[in-house]
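Report on one structure; see the data block that follows.
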Amino acid sequence: MLGWIRWFDALIPAYTIERLFWESRTITIQEVVYLEILYAVLVVMLEVPTGVLADRFEHRRLMQIGVGLECLSFIVLLLSFSFVGFAVAIALSGIGAAFRSGAENALLYETLEQTGKTETFERTVGRLNVIGIVAAVLAAISGSLLATRFPFELNYMLSIVSLFIATACSFGLVEPRRVVSDERLTWADIAAGFRFIRQHRQLFIVTSLFVVTISAFNFIDEFWQLYARDVALPIYWFGMMSTILLLIQIPGQLVAPVLLRFATAECWLRWIGWGIGVGFVVLGLYPGPIGLVIMVGMACLIGIVEPLYLGVLHHRVPSGIRATTESSVSMLLHGGIILFGLLFTAGAGMTLFAAFLFIGIIVCLHQSIVTVIARREDAS
């Protein structure tokens, strides 16, 4: 059932013409930035409390609420013609994302744990991500074709239908047998995920690597179109570039469990972090069509990161705080995106290439610190 939810949740043709649709509804670029900040702030504020709720009650209930709110947000977007309306829609989406964060993977792991198949967790996460990528590619291709012949609103209507089906599928989820507590939430519960990460050295390091790497790559996802425009890539190639960036992540999603036979997740994440950091530096220093090829290579690497990290996390975290801990990580991730966003804005004040260079320098600096710490511990 999680596979069907992931499929319809990603089958969103509206994303192909999202910025054009927003512009047609009078939303300026500056207002887009404000809305993205609103989304990130809401997620940061609600991530851990909703994770605690997932651990105290049922993961599937939070999944249902989260997918339903995402569907509602698209309905509001379709009906909105002002910044306030779009802000309401983005707020609903952010709240929905916070409800779902941690709940899906916790539900998956505990289901596998109940059947004695936890060793397949990384492989299952990778396969679910592949399902989402394939659906997103199909939505991107069909959405771009529809947008050339029909009003943008049709893409949003089809997206609402897809999200409605995902919501309906979520009611078919089955909660694994677990102890449900009726105790009231406390601040100690909310901090449990952070404490657990801080107290386990390896988990702390891999979490740091995961947060920095994924936060940085977010700006490839968001701004590759502007980079492609600035290096004179014809617009009719944009759809192909978007498809390649998605499809190239599939091998990484599937190969992650195999990599663990040769080295630890921490080792692989360190090397991938270096690849992402150096990639950003090259994008900033040597802008040109070759930069698009480098982006494809970075996307291939980033596909490996999530299954590796989630495996480390869920194999170690206790069942009682599984969703709480993943929500803590998601909170750190969105906090990282906000910080990188401020850095990106400062660089973009000069050029887009300078913004990429700044991110690359910070990622490489982080990797250097982590490498030194790892070598000192290995020596001791």
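None of these values were measured; they are calculated from a predicted model. All heavy atoms count here, side chains included; hydrogens, waters and symmetry mates do not.
- Considering only residues two or more places apart in sequence or on other chains, N155 meets the side chain to side chain donor-acceptor pair (under 3.5 Å) condition with none of them.
- The side chain to side chain donor-acceptor pair (under 3.5 Å) search around S208 returns H366, not counting sequence neighbours.
- By the side-chain contact (heavy atoms from CB on, under 4.5 Å) test, L247 is found to be paired with V137, T243, I250, residues two or more places apart in sequence or in another chain being considered.
- The side-chain contact (heavy atoms from CB on, under 4.5 Å) test applied to A354 returns M350, T351, not counting sequence neighbours.
- The side chain to side chain donor-acceptor pair (under 3.5 Å) search around S170 returns none, not counting sequence neighbours.
- The side-chain contact (heavy atoms from CB on, under 4.5 Å) test applied to A139 returns L11, P13, not counting sequence neighbours.
- A search for side-chain contact (heavy atoms from CB on, under 4.5 Å) contacts involving V282 returns V278, Y286, I294, not counting sequence neighbours.
- Here L154 sits in one hydrophobic cluster together with L146, F150, L158; the rule is ILVMFWY side chains under 4.5 Å apart, joined directly or through other members.
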Side chains of residues 66-82: which donor-acceptor partners sit under 3.5 Å, not counting sequence neighbours?
residue	atom	partner	partner atom	Å
E70	OE1	S93	OG	2.8
S73	OG	E70	O	2.6
S80	OG	V76	O	2.5
S82	OG	G85	N	3.4

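- Around atom CH2 of W4, no more than 12 heavy atoms belonging to other residues, nucleotides or ligands sit under 6.0 Å away.
- For the ring-ring contact (aromatic ring centres under 6.0 Å, His included) test, no residue two or more places apart in sequence or in another chain qualifies with F358.
- Considering only residues two or more places apart in sequence or on other chains, F356 meets the ring-ring contact (aromatic ring centres under 6.0 Å, His included) condition with Y227, F280, F344.
- Under the side chain to side chain donor-acceptor pair (under 3.5 Å) criterion, R61 pairs with E58, Q64, sequence neighbours left out.
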